[in-house]
Amino acid sequence: MKKSILFIFTLALMLVLAACGGSGSSSDDASGSKDNNSIIIGVPGDPEVVNPLYSSDRVTLTIQQALYAPLFWEYDGKPALADKLDVSADNLTYTVTLKDGLKWHDGKPLTADDVVFSVNSIIDERQNSPFRGSWVFGDKPVKAVAENATTVKFTLPQVAPAFENTLKTFFPIPKHIFEGVADIGKSDKNNEPVGSGPYKFVNYKSGEYYSLEKFDDYFDGKPKLDKVTYRITKDQNAANLALQNGEINLKSIQPAERNKVEKASDVNIITYPENRLSYIAFNQNVTALKSKDLRQAISLTLDRKDLIDAAYGSQEYAKPASSLLTENTKFFTDKVETYNQDITKAKELLAKSGYKSSDKLNIIYLNNSKAQESIALYIQEQLKSIGVSLELKPTDPTAMNNITLDRKSDAYSLMLGGYIMGNDPDPYKTLYMTGEPYNYSNYSNPAVDKLWNEGAVTADDTKRQAIYEQIQTTIADDAAIYPISYDNAVLAIDKKYQGTKEATPQPVTMFRDLSKLYIK
């Protein structure tokens with residue numbers, strides 16, 4: 001980089017720090033601090049609602065992982081706040097015993113009452129938690145009762161194999177903070193969260209930083225780093241430059257950026273399967289896309305290997321996808337319609353679909369993702385070959401979130417997205433059931449809705465497998481989405497940081513437990 005550009009960048013950063021200092025916060029807050037025992041983590045946008053009852057986007061979940069602690073660690077099921085889990089012989093009662101002496105960041109005790117309050121808040125329809133469906137079976141909610149300060153008994157209305165996975169993705173919130181709040185998701189109390197994770201809230205400045213400090217009473221011991229700061233940098237070129245200059249110490253990078261980042265920065269690269277599906281959603285609120293023929297025609301113009309090459313530069317970091325489920329998910333099958341590229345058939349289906357040149361289609365995607373930009377350009381070019389015009393709509397992450405979470409929106413036709421849903425298929429229903437909050441395709445099939453509900457409460461694994469295979473087959477035949485790839489994560493972390501194995505790299509949040517990172 002030329003010296004003049006570097007000077008301008010440095011000057012701009014100094015002005016930001018000065019402005020933050022003038023507003024009552026220190027320059028340490030804005031920069032993540034240059035002291036000897038902290039880490040600065042790069043994130044591509046502002047968090048949404050920092051509350052486990054509502055969090056769904058990658059940035060919020062990443063920050064939440066440091067602020068809040070779960071009952072169990074999701075990917076291996078080991079206890080976190082919980083000490084143990086007992087399941088009754090009839091599989092209708094789940095008893096969670098908490099560790100002794102748990103505390104919230106404000107010093108108040110974390111007890112079974114907090115867990116029960118959190119569960120009841122999710123179940124309460126007035127609180128509008130998007131996760132309510134995971135706590136309701138056969139239209140009846142799970143009952144949670146605090147038997148004493150450290151014991152919670154969950155009683156299910158019927159056998160539901162999916163429930164254990166729900167427990168293992170559950171983060172409680174403090175009753176003493178949110179009790180009596182009419183709308184928890186919109187409460188100002190989320191602006192200064194009180195959690196139980198390894199780091200506690202210090203300060204947040206939109207568009208700049210989110211700063212935390214260690215919580216000495218963390219259940220798994222004092223964190224080894226004193227401070228964690230999430231530096232918000234929407235421009236990923238600037239973020240990579242900050243990584244190179246040591247102004248960011250850890251960030252997720254695009255696979256195509258690996259070689260450049262590795263050569264220019266003093267970092268270690270960590271890669272691992274993220275169990276993530278990248279996909280195209282077809283918004284059926286758009287009149288033209290109500291036609292299955294059109295959705296199938298678009299799918300048949302594409303080639304997954306070409307899409308992966310466009311996004312990542314090689315096949316090394318992603319595998320062509322088939323199903324709406326990822327390969328780690330129980331009952332996954334690749335025996336579904338995958339729409340291998342066939343331009344001739346695509347043109348035939350397009351002619352049947354009723355598509356007219358006056359039908360305006362667009363594709364919405366993140367304006368700070370080179371991978372998504374490359375994918376969108378490829379799709380636009382391919383659709384020209386069958387006579388379909390596609391407008392590109394690169395969009396700021398916050399704006400994109402607002403647009404795509406509106407279940408009545410027809411402002412986007414195609415959407416580039418991705419999700420990580422865990423090891424059980426039940427949570428996927430929030431993406432595909434009629435009216436569910438993350439059903440970005442606005443797909444509705446009553447027969448599939450019925451199958452999702454049956455799958456959650458079917459105890460026999462053979463029968464459950466048949467249900468989820470039918471769901472995968474039907475949604476593929478309906479071309480509700482076009483699965484692109486199962487992706488790997490690529491992290492870059494400054495070489496001075498140790499403990500990455502103990503911190504446990506994991507999907508979405510980069511690490512499971514930042515308390516284990518330290519400086520050698």
Side-chain angles (χ1 to χ4, degrees), residues 52-53 55 61-62 64-89 91-105 108-119 122 131 134-135 142-156 160-175 194-200 214-224 275 328 330 420-424 426-427 499-517:
L53 275 55
S55 304
L61 290 168
T62 299
Q64 175 184 292
Q65 191 73 21
L67 279 166
Y68 287 90
L71 293 182
F72 301 89
W73 298 119
E74 178 179 358
Y75 290 95
D76 58 17
K78 293 181 179 178
L81 294 174
D83 184 55
K84 64 177 180 175
L85 170 66
D86 295 307
V87 184
S88 64
N91 292 302
L92 289 173
T93 303
Y94 290 70
T95 303
V96 173
T97 303
L98 299 175
K99 290 180 169 66
D100 291 324
L102 297 175
K103 291 183 180 179
W104 295 106
H105 290 158
K108 298 289 180 65
L110 190 165
T111 71
D113 284 338
D114 294 298
V115 176
V116 171
F117 170 79
S118 303
V119 171
I122 293 173
F131 308 117
S134 296
W135 295 85
V142 173
K143 292 183 179 179
V145 175
E147 297 201 312
N148 54 52
T150 59
T151 307
V152 184
K153 183 171 75 173
F154 300 92
T155 304
L156 278 60
F163 182 67
E164 189 166 337
N165 183 74
T166 296
L167 276 181
K168 291 178 179 177
T169 57
F170 176 64
F171 291 69
I173 63 172
K175 178 180 178 180
V194 175
S196 57
Y199 290 91
K200 58 185 181 180
K214 70 177 180 179
F215 176 47
D216 287 341
D217 290 321
Y218 178 52
F219 78 87
D220 205 25
K222 291 183 181 181
K224 295 177 180 179
N275 301 324
N328 63 294
K330 198 172 184 180
I420 300 167
M421 301 302 292
N423 299 320
D424 190 275
D426 183 64
T500 55
K501 182 178 179 181
E502 294 77 9
T504 314
Q506 74 171 18
V508 182
T509 65
M510 294 189 269
F511 287 104
R512 180 168 86 178
D513 189 352
L514 289 178
S515 75
K516 304 299 184 285
L517 292 181

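These figures come from a predicted structure and were not determined experimentally.
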Kindly compute the distance separating [atom1] ([X]) from [atom2] ([Y]), expressed to the nearest 0.5 Å.
X: Phe171; Y: Ser196; atom1: CZ; atom2: OG; value: 9.0 Å
X: Leu514; Y: Lys224; atom1: CG; atom2: NZ; value: 12.5 Å
X: Thr150; Y: Leu102; atom1: OG1; atom2: CG; value: 9.0 Å
X: Gln506; Y: Glu74; atom1: CD; atom2: CD; value: 7.0 Å

Is a donor on one side and an acceptor on the other found under 3.5 Å between the side chain of [X] and the backbone of [Y]?
X: Asn328; Y: Gly422; answer: yes
X: Thr62; Y: Val508; answer: yes
X: Lys99; Y: Ala82; answer: yes

Within the 4.5 Å heavy-atom criterion, are [X] and [Y] side-chain neighbours or not?
X: Pro198; Y: Asp513; answer: yes
X: Thr500; Y: Leu517; answer: yes
X: Leu53; Y: Phe131; answer: no
X: Lys108; Y: Val194; answer: no
X: Tyr75; Y: Thr504; answer: no
X: Pro174; Y: His105; answer: no
X: Lys200; Y: Tyr218; answer: no
X: Pro427; Y: Asn165; answer: yes

Nearest heavy-atom pair of [X] and [Y]: which atoms, and what distance?
X: Ile420; Y: Pro507; answer: CD1-CB, 3.7 Å
X: Ala503; Y: Phe511; answer: CB-CD2, 3.6 Å
X: Val116; Y: Ala144; answer: CG1-O, 3.5 Å

| What's the verdict on side chain to side chain contact (heavy atoms under 4.5 Å, CB included) for Leu71 and Leu98, showing C-alpha distance, side-chain angles and the deciding distance? | CA-CA 8 Å; Leu71 293 182; Leu98 299 175; 3.8 Å; yes

| query | Can you name the residues that form a side-chain contact (heavy atoms from CB on, under 4.5 Å) with Glu502, not counting sequence neighbours? | reply |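 In terms of side-chain contact (heavy atoms from CB on, under 4.5 Å), with neighbours along the sequence ignored, Glu502 is linked to Lys516.
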
| said: Holding to side-chain contact (heavy atoms from CB on, under 4.5 Å), I want the full list of residues that pass it with Ser55, two or more places apart in sequence or in another chain. | reply: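 Only Thr60, Leu61, Gln64 meet the side-chain contact (heavy atoms from CB on, under 4.5 Å) criterion with Ser55.
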
| field | Asp76/Arg512 salt bridge by N-O under 4.0 Å criterion | value |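 Yes.
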
| Of Val145, Thr93, Thr95, Val119, which is the lone residue that meets side chain to side chain contact (heavy atoms under 4.5 Å, CB included) with Phe154? |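 Result for side chain to side chain contact (heavy atoms under 4.5 Å, CB included) with Phe154: Val119.
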
| field | Residue from Val115, Leu110, Val96 passing side chain to side chain contact (heavy atoms under 4.5 Å, CB included) with Leu81 | value |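 Of all the options given, the one that passes is Leu110.
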
| message | side chain to side chain contact (heavy atoms under 4.5 Å, CB included) for Trp104 and Asp114? Distances and angles first, verdict last. | response | CA-CA 10 Å; Trp104 295 106; Asp114 294 298; 3.1 Å; yes

| message | Set out, in order, the CA-CA distance, both residues' side-chain angles and the distance that settles side chain to side chain contact (heavy atoms under 4.5 Å, CB included) for Ser134 and Phe170, then state yes or no. | response | CA-CA 11 Å; Ser134 296; Phe170 176 64; over 6 Å; no

| task | Report, as yes or no, whether the 6.0 Å neighbourhood of atom NZ on Lys143 holds more than 12 heavy atoms from other residues, nucleotides or ligands. | result |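 Counting other residues, nucleotides and ligands, NZ of Lys143 stays at 12 neighbours or fewer.
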
| request: Give me the ring orientation class for Phe219 and Trp73: parallel if the planes are under 30° apart, tilted from 30 to 60°, perpendicular past 60°. | output: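 If you compare the ring of Phe219 with that of Trp73, the planes turn out tilted.
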
| task | Starting from the C-alpha separation in whole Å, work towards a yes-or-no answer on side chain to side chain contact (heavy atoms under 4.5 Å, CB included) for Leu85 and Glu164. | result | CA-CA 10 Å; Leu85 170 66; Glu164 189 166 337; 4.2 Å; yes

